[in-house]
Chemist: 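Before I ask anything, let me first share the structure, which is written out below as structure tokens.
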Amino acid sequence: MDREDLKREIKSLLIRRRALLLAHNYQTADVQEIAHHTGDSLGLAQAAAESDAEVIVFAGVHFMAESVSILAPEKTVLLPRKDAGCPMADMITPEGVADLRKRYPGGTVVAYVNTSAAVKAASDICCTSGNAVNVARSLPLEADPLIMIPDQNLAQFVAGRVDRKIVWHDGFCYVHHRYSAGDVLEARNRHPDAVFVTHPECRPEVQVLADRIASTSGMFTFARETRSRKIIVGTETGVLYGLRKENPDKIFIPLSEDMICEDMKLTRLEDIRDALLNLEPAVKVPEETRVKAKKPLDRMLAVPRD
Ligand code: CIZ
Ligand code: SF4
């Protein structure tokens, strides 16, 4: 079957199943093209919770489908590739959180949304790359030290912007962490007329060279607002699809063509079709964990985005 036929079949299955298809900004262009919504993990989880669809197909990775299950437990949540995980989320476990609490007694565990439901359940408040600074500011001074998990780079981004005691776990995202200041200088040399926007999951040495540090949603705002016509983008290359579509008059250049998350690229149109046909693989967070994990998420949702 050719790709256009497959896309038509998926569209009719979505109607038949009363299903909503959500695609993360890092998915392939094919998948993003047919999704009802594209966005970051939190925006998509909120879109799912607000919709009256009975079935949510989440083209993304496991922790993102879990977030939907936490916020909308009555819905069937499908993750078309059950092997799509997040290596950074896997770097921290509930036992790891308990060890950090022992090491920093009286501290507050701030869990990036890129964590499993079980880790969220062991944490005090969540944050995203878009609201981490505001989450830190929202906490009372007695909450210090803020124990940020799992991403060391996001933690250092926050530490440079708030006058608080911040400690962090040593996790990282391999897609962002492997780039250095040298890569930025090289890209800037090749495109001297471009501005550079990067993700807080990149190393501090990359962040200091950026014109803007932003979550993927923040990058869409930056792209709209900047007067520059050329933008070097320091995040997973999937985001270029949406940026180019929304800003046809601007030129987007990846910091590196290799900035690819293998797990994000696992989901193919065939997997989405099969998930809709079979109503699996489904992700359901056990109720006890769900109730505990919802608390830090709700606490975060009460804080405005940066
Ligand atoms: O929260 C997300 O969706 C991630 C992982 C990236 C971002 O900045 O949107
Ligand atoms: Fe995880 Fe990084 Fe892939 Fe995002 S890009 S899913 S943080 S490994």
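Order of appearance sets the numbers: ligands from 1, and atoms from 1 within every ligand.
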Chemist: Under 4.0 Å between a side-chain nitrogen and a carboxylate oxygen: does that hold for E287 and R290?
Modeler: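 Counted as a salt bridge, because a side-chain N and a carboxylate O are separated by less than 4.0 Å.
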Chemist: For atom 4 (Fe) of ligand 2, which protein heavy atom lies nearest, and how many Å away is it?
Modeler: Y26 CE1, 3.9 Å
Chemist: Would you say Y26 and T235 are linked by a side-chain donor-acceptor pair, where the criterion is simply a distance under 3.5 Å?
Modeler: yes
Chemist: So does D183 pair up with R178, basic N to acidic O under 4.0 Å?
Modeler: no
Chemist: Can you find a pair of side-chain heavy atoms, one from S129 and one from Y112, that are under 4.5 Å apart?
Modeler: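 Counting from C-beta outward, S129 and Y112 do come under 4.5 Å.
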Chemist: Can a salt bridge be assigned to the pair E66 and K120 using a cut-off of 4.0 Å between side-chain N and carboxylate O?
Modeler: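 No, no charged N to carboxylate O under 4.0 Å.
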Chemist: Answer yes or no: is there a side-chain heavy-atom contact under 4.5 Å between V57 and L22?
Modeler: no
Chemist: Which heavy atom of E201 sits nearest to which heavy atom of H176, and what is that distance?
Modeler: OE1-ND1, 3.1 Å
Chemist: Filter the ligand 1-protein atom pairs down to N or O on both sides and distance under 3.5 Å, then list them.
Modeler:
unit_1	atom_1	unit_2	atom_2	d
ligand 1	1 (O)	S41	OG	2.9
ligand 1	3 (O)	H24	NE2	2.6
ligand 1	3 (O)	S41	N	2.7
ligand 1	3 (O)	S41	OG	3.4
ligand 1	8 (O)	S129	OG	2.8
ligand 1	8 (O)	H199	NE2	2.5
ligand 1	8 (O)	T216	N	3.0
ligand 1	9 (O)	T216	OG1	2.5

Chemist: Determine, for R268 against D271, whether the closest basic-nitrogen to carboxylate-oxygen distance falls under 4.0 angstrom.
Modeler: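 Here R268 pairs with D271 in a salt bridge, since their nearest N and O are under 4.0 Å apart.
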Chemist: Could you tell me whether K294 atom NZ has more than 12 heavy atoms of other residues or ligands within 6.0 Å of it?
Modeler: no
Chemist: Could you pull out the N/O/S protein atoms under 2.8 Å of atom 2 (Fe) of ligand 2, ignoring any water?
Modeler: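 Result, waters dropped: C173 SG.
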Chemist: Is there a side-chain contact between I251 and I231 in this structure, where contact means two heavy atoms from C-beta onward sitting under 4.5 Å apart?
Modeler: no
